[in-house]
Amino acid sequence: MKIIIVGGVAGGASAAARLRRLKEDATIVMYEKGPHISYANCGLPYYVGGEITDQEELLLQTPEDFKQRFNIDARVNHEVLSIDKAKKEVTVVNRISGKTFVDTYDKLILSPGAEPVVPPFEGLPSPLVFTLRTVPDTIKIRKFIEREKPKTVLIVGGGYIGVEMAENLSHAGLQVTVAELMDHVIMPLDFDMAAEVHQYLRSKDISLLLNQGVQSFQTQGKKVKVKISDIFYEFDMVLLSVGVRPDTKFVASTGLALGQRGAIAVDEHMLTSDPNIYAVGDAVTVKNFMTQQDGYIPLAGPANKQGRIAADNIAGIPSTYKGTQGTAILRLFDMVVATTGLNEGAVSKLGLPYEKIYNFDANQAGYYPGGTNMTIKLVFNPKDGKMYGAQIVGFAGVDKRIDVLSTAIRSGLTVHDLVDLELAYAPPFSTAKDPVNMTGYMAENVINGTIKQFYIENICQLPIDGSVTFLDVRTPAEYKRGHLETAINIPVDELRDHLSELDKNKKIYVNCQSGFRSYLACRILTAHGFDCAHLAGGYRLYRVLDKEAEHEGGLRGRCGMPVK
C-alpha cells in the first residue's frame with residue numbers, strides 16, 4: 001500500500017509516524033510545501049520575543065529524521081497542486097527547481113493546514129506589514145526587528161496569537177498597540193472575564209483599541225500610517241493577526257465536499273467524501289463536542305489526534321474523532337487565561353437554559369506565602385447541573401483547574417460531581433477545598449435554592465427609589481473606598497445585631513467584595529425571614545467592569561447605578 005500525505009506539522013506528521021508504527025510494509029510519502037515538515041507552531045511568538053533563542057529548537061523533525069527513524073520519504077518545498085480522484089494521482093511541483101510531476105497513491109491524507117487571513121486592505125502588501133504562521137514568518141519578523149529596530153508596532157486582531165505576540169513584541173522592546181474589531185480580546189472569553197485581561201494588558205503598557213476596525217495602510221519610508229475608525233495612527237511595523245482559514249484552494253476543483261470557510265468535510269473517521277482520501281488538522285470541519293454542530297476550530301491538540309485517527313482507519317483500526325471541545329490556554333506576561341466548552345454568549349445564542357457563577361479563589365492555602373487568586377466563571381444548566389463551559393483568568397494554578405474542568409465536562413460530569421472530586425492537596429498547591437470543588441458547591445447552591453443571585457447587568461434595571469434595599473456587607477474601610485450608590489453598610493460580622501434596621505417588606509440585594517461574605521449574609525437574612533439575593537462576582541467584578549467602561553464608554557453609560 002502506498003500512502004501520500006499532503007502537509008506535515010501537527011496532523012500530517014502525526015499521521016505519518018502512526019502509520020509507520022502500524023504498517024511497516026507501507027510506502028509513505030509526505031509532501032510539504034514549506035521548508036519544514038514538523039515545527040513548534042505554538043512556540044513561534046516566543047522566538048520573536050527572545051524566550052526561545054535558537055530557531056533550531058522550533059524544528060521538531062527533519063526529513064532526515066523521518067527517513068532514518070520511520071523510513072518515510074518526506075519532501076519539503078514540494079507543493080501539491082491538484083488531485084485526480086479517479087486516477088488516484090496528485091500533481092506536485094518542486095518549489096525550488098520548478099519541476100512538476102505526478103505521483104500515485106492508494107490512500108491519501110490531506111493535512112495542508114491553515115493560512116493567515118489577510119483582508120483586502122488598501123495599501124497592502126507592504127514591507128512593514130507582517131503575518132505569523134510559519135517558521136520563515138517568524139525569522140522574517142525577528143530579523144526585521146534586529147535590523148530596523150522599530151519602536152512601535154500595531155497588532156491587528158486580539159485573538160490568541162495577537163495577544164501572545166503583544167507580550168512577546170513588548171519583550172522585544174516595542175511599544176505595542178492592539179486593534180480589535182470586537183469589544184474584547186480573546187473571543188472564547190465573555191466580556192466580563194476579558195475586562196480583567198484588558199486592565200492587566202494596559203498595566204503592562206499595551207494599548208488597546210477596542211471596537212475599532214482597521215481601514216487602510218499607507219507606507220511612507222520606514223513608517224506606516226494606519227487608518228483605524230477614521231483616525232490615522234503611525235507605526236514602525238504592523239502584524240496582521242485577524243485569524244486563519246483552511247489552506248484548501250487546491251482542493252476546490254476535486255469535487256470533495258467542503259464545509260465552513262472552505263474547510264474539508266470529514267466524518268468521525270476523518271474520511272472525506274472520497275473513500276480513499278482522509279483529511280485532518282486545521283483544514284477540516286469538526287464536530288463541536290458541546291453542540292454536535294459542524295464547525296471550524298483549528299487547534300494543535302485536536303490536529304495531532306486526528307492524524308492518529310486517520311492512520312488508524314487506514315490500517316484497519318476503527319478509530320473515531322468525537323469532537324473538539326475548544327479547550328485552550330495562554331500566558332500573558334504573568335497572567336494565565338484559559339477556556340473550555342461554551343461561553344455564556346454562545347449558550348445564550350443557542351437558547352439553552354443556563355446559570356452562571358463566579359468563584360474568586362486562591363490557588364493555594366491562604367497562610368502559605370506566594371499565593372494568588374483566580375477568577376473562575378462556570379456556565380451550567382440549572383435544571384440538571386450539566387456544565388456548558390468554564391473560563392479562568394488568574395496566575396498560578398489556572399492550568400490545573402481548567403484541565404480538571406475540561407475533563408469533567410468531557411466525561412459528562414455535572415456540577416454536583418465537582419464537589420466529590422478528590423483532588424491533590426498540600427498547602428503549596430491548593431486549598432483543602434480546591435477551587436474546583438468550591439465552584440461545584442457554589443453552582444449546587446444556586447440549583448437547590450440555597451442562594452439567589454443577581455448579576456451586574458441586572459443592576460441597571462433595579463429601582464434606586466428606596467423600594468428595595470442595597471446592602472454592602474464589607475468592612476467600613478472597604479465601603480469607604482467605593483460602593484454602589486444607594487447601598488447601606490452593615491459588615492457581615494455585625495449583621496445579626498442590626499436586623500431590626502432592615503425592612504422585611506423590601507427585597508435585599510447584598511454585595512461584598514467577591515461573593516463569599518454576601519453569601520453568608522444572605523443565609524443569615526433568609527433564616528430570619530428576609531428575601532435576599534447576592535451579587536454574583538461581587539463588588540470586585542463590578543469595579544473591573546466599571547473601570548473598563550472608563551475606557552470604552554460602556555457600564556457607566558448603560559447603568560444607572562454608579563459608584564461613590
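Numbering starts at 1 and runs along the sequence shown.
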Show the nearest heavy-atom pair for residues [X] and [Y], with the distance to one decimal.
| X | Y | result |
| --- | --- | --- |
| Pro427 | Gln364 | O-CB, 3.1 Å |
| Val404 | Leu421 | CG1-CD1, 3.8 Å |
| Cys512 | Ser518 | SG-N, 3.2 Å |
| Leu332 | Tyr200 | O-CE2, 3.2 Å |
| Pro188 | Asn343 | O-ND2, 3.1 Å |

Could you point out which residue of Gln453, Arg540, Lys377 forms a side chain to side chain contact (heavy atoms under 4.5 Å, CB included) with Tyr358? Lys377
Is it true that, when you exclude [X] itself, more than 12 heavy atoms of the residues, nucleotides or ligands shown sit nearer than 6.0 Å to its [atom1]?
| X | atom1 | answer |
| --- | --- | --- |
| Arg142 | CZ | yes |
| Lys227 | NZ | yes |
| Glu422 | CD | no |
| Met182 | CE | no |

Show your reasoning for whether ring-ring contact (aromatic ring centres under 6.0 Å, His included) applies to Tyr388 and Phe380. CA-CA 5 Å; Tyr388 297 125; Phe380 59 95; 8.3 Å; no
Aromatic rings Phe516 and Tyr519: how do their planes relate, parallel, tilted or perpendicular, breaks at 30° and 60°? tilted
Please work out whether the ring planes of His184 and His198 are parallel, tilted or perpendicular, with thresholds of 30° and 60°.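 Rings of His184 and His198: tilted, 30 to 60°.
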According to salt bridge (Lys or Arg N to Asp or Glu O under 4.0 Å), who are the partners of Lys322, at least two apart in sequence or on a separate chain?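 Per chain and number, Lys322 pairs via salt bridge (Lys or Arg N to Asp or Glu O under 4.0 Å) with no residue.
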Please name all residues satisfying salt bridge (Lys or Arg N to Asp or Glu O under 4.0 Å) with Glu64, sequence neighbours left out, ordered by chain then number. none
Please check if the side chain of [X] supplies one atom and the backbone of [Y] the other of a donor-acceptor pair under 3.5 Å.
| X | Y | answer |
| --- | --- | --- |
| Ser14 | Asn304 | yes |
| Tyr368 | Phe429 | no |
| Glu32 | Gly34 | yes |

Any side-chain heavy-atom pair of [X] and [Y] under 4.5 Å:
| X | Y | value |
| --- | --- | --- |
| Ile155 | Thr177 | no |
| Phe191 | Glu548 | yes |
| Thr339 | Ile402 | no |
| Tyr296 | Val286 | no |

Side-chain donor-acceptor contact under 3.5 Å, Asp190 with Gln391: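 Judged by distance alone, the side chains do pair up.
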Among side-chain atoms of Thr340 and Gln325, is any donor-acceptor pair under 3.5 angstrom?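 A donor-acceptor contact under 3.5 Å links the two side chains.
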Sort out for me which residue in Lys149, Lys222, Lys223 forms a salt bridge (charged side-chain N to carboxylate O under 4.0 Å, His left out) with Asp236. Lys223
Of all pairs that satisfy side-chain hydrogen bond (donor to acceptor under 3.5 Å, both in side chains), the ones with a partner from residues 123-132, not counting sequence neighbours: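 For residues 123-132: Ser126-Thr219.
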